[in-house]
Amino acid sequence: MQGPQTERLYKVLVIGDLGVGKTSVIRRYVHQSYSSNYRATIGVDFALKVLSWDSETVRLQLWDIAGQERFGNMTRVYYREAMGAFIVFDVTRPTTFEAVVKWKEDLDTKLMLANGQSIATVLLANKCDQGKDEFVNNGVKMDQFCKDHGFVGWFETSAKDNINISEAANFLVKHIMASEHDILKSVVPDTISPQLDPDRPMSCSGCFKP
């Protein structure tokens, strides 16, 4: 007889400059659909993706945060309690790649995990069906960029052609689970290990001597 299936809920941010395809990436991932009709997200949108992960159910709450929100005070509210993030740029617009570092810095200054670490963040080089950015063509440079700026990895993606969307999400979920495990490992022992006070006299009913 199988035990009850456990459920996990993770809040995942999808951030990046205006028009890089954040909403399209989410729609492709959650609804398996794509539309070329572009409508700018105002403020924040939500979508829910349910995954069967080994013997668990993983619910991803995807927060689609508008590109113009970057330096607004509201991002601190939007970021709260997130466990992972995608930062998206458009490979056909170099300025959106230049903005990636600012998005990452904004995220890191406003949000951190209970153990003081940054949340797991994956970089998406989106719209790869429309061409290649010179920097993206150099995998070694991209790997180094991610290492330098605290990304756990990067993927070339296309919401239109459904390239690497699910793969990037699965990769992020694995890192979220690993960081959650690290938090539990660092927090739980303190709560279950009794701290003995050396100055306090020990009492033991089995060693009482009249």
Side-chain angles (χ1 to χ4, degrees), residues 10-42 44-53 58-70 78 82-104 106-107 119-176:
Y10 297 132
K11 175 178 173 178
V12 173
L13 308 172
V14 184
I15 55 182
D17 271 11
L18 196 64
V20 295
K22 300 183 295 294
T23 304
S24 295
V25 165
I26 291 171
R27 278 192 189 144
R28 169 60 75 184
Y29 182 52
V30 175
H31 305 295
Q32 288 303 309
S33 67
Y34 175 81
S35 170
S36 55
N37 295 329
Y38 172 70
R39 178 184 63 82
T41 301
I42 307 298
V44 64
D45 268 342
F46 306 91
L48 186 70
K49 176 78 172 180
V50 181
L51 302 171
S52 291
W53 196 280
V58 173
R59 296 176 187 273
L60 295 183
Q61 192 183 65
L62 297 147
W63 285 49
D64 178 3
I65 296 173
Q68 67 269 33
E69 294 283 343
R70 179 169 80 221
Y78 296 152
M83 286 290 289
F86 291 115
I87 296 182
V88 189
F89 73 96
D90 177 346
V91 295
T92 68
R93 291 160 56 211
T95 54
T96 66
F97 178 66
E98 290 162 19
V100 160
V101 174
K102 294 193 182 90
W103 279 103
K104 185 69 167 69
D106 188 56
L107 187 63
I119 65 168
T121 307
V122 173
L123 181 62
L124 300 185
N126 196 37
K127 305 189 185 180
C128 68
D129 58 285
Q130 294 182 24
K132 298 264 184 160
D133 179 85
E134 199 176 307
F135 200 71
V136 172
N137 267 338
N138 190 327
V140 175
K141 275 190 179 175
M142 283 295 286
D143 290 344
Q144 190 59 49
F145 175 85
C146 287
K147 197 174 173 185
D148 291 345
H149 295 96
F151 289 91
V152 294
W154 69 281
F155 287 81
E156 289 183 77
T157 56
S158 166
K160 184 181 177 185
D161 292 349
N162 196 16
I163 298 170
N164 280 341
I165 305 289
S166 291
E167 289 82 354
N170 288 344
F171 180 80
L172 180 61
V173 170
K174 282 179 187 171
H175 278 273
I176 290 172

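Sequential numbering from 1 along the given sequence is applied to the chain's residues.
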Indicate yes or no: at least one non-hydrogen side-chain atom of [X] is less than 4.5 angstrom from one of [Y].
{"X": "V91", "Y": "E156", "value": "no"}
{"X": "W53", "Y": "K174", "value": "yes"}
{"X": "Q144", "Y": "V140", "value": "no"}
{"X": "L123", "Y": "M142", "value": "yes"}
{"X": "V20", "Y": "K127", "value": "no"}
{"X": "V58", "Y": "I176", "value": "no"}

| request: Have a look at W154 and tell me which of I87, V122, D143 forms a side chain to side chain contact (heavy atoms under 4.5 Å, CB included) with it. | output: D143

Over all heavy atoms of both residues, which pair between [X] and [Y] is shortest? Give the atoms and the distance, please.
{"X": "L107", "Y": "A85", "result": "CD2-CB, 3.8 Å"}
{"X": "A120", "Y": "L172", "result": "O-CD1, 3.4 Å"}
{"X": "K104", "Y": "H149", "result": "CE-O, 3.3 Å"}
{"X": "A169", "Y": "F86", "result": "CA-CZ, 3.7 Å"}
{"X": "N126", "Y": "G21", "result": "ND2-CA, 3.7 Å"}
{"X": "A47", "Y": "V30", "result": "CB-CG2, 4.0 Å"}

Using modelled atom types only, decide if a donor and an acceptor are shared between the side chain of [X] and the backbone of [Y] within a distance under 3.5 Å.
{"X": "K11", "Y": "W63", "answer": "no"}
{"X": "T96", "Y": "D90", "answer": "yes"}
{"X": "K22", "Y": "D17", "answer": "yes"}

From [X] atom [atom1] to [Y] atom [atom2], the distance as rounded to the nearest 0.5 Å:
{"X": "L13", "Y": "Q61", "atom1": "CG", "atom2": "CD", "result": "10.0 Å"}
{"X": "F46", "Y": "L62", "atom1": "CZ", "atom2": "CG", "result": "11.0 Å"}
{"X": "D148", "Y": "K141", "atom1": "CG", "atom2": "NZ", "result": "12.5 Å"}
{"X": "I26", "Y": "L48", "atom1": "CD1", "atom2": "CG", "result": "11.5 Å"}
{"X": "L124", "Y": "I165", "atom1": "CG", "atom2": "CD1", "result": "6.5 Å"}

| query | Within a radius of less than 6.0 Å around NZ of K49, do more than 12 heavy atoms belonging to other residues, nucleotides or ligands occur? | reply | yes

| request: Tell me, please, which residues at least two apart from F171 pass ring pair (Phe, Tyr, Trp, His ring centres under 6.0 Å). | output: F155, H175

| What residues, two or more places apart in sequence or in another chain, satisfy side chain to side chain donor-acceptor pair (under 3.5 Å) together with E167? | none

| message | Run I15 and Y78 through side-chain contact (heavy atoms from CB on, under 4.5 Å) and show every step you take. | response | CA-CA 11 Å; I15 55 182; Y78 296 152; over 6 Å; no

| message | Before you tell me yes or no, could you show the steps for F145 and F97 under ring-ring contact (aromatic ring centres under 6.0 Å, His included), namely the whole-Å CA-CA distance, both residues' side-chain angles and the distance that decides it to 0.1 Å? | response | CA-CA 11 Å; F145 175 85; F97 178 66; 4.9 Å; yes

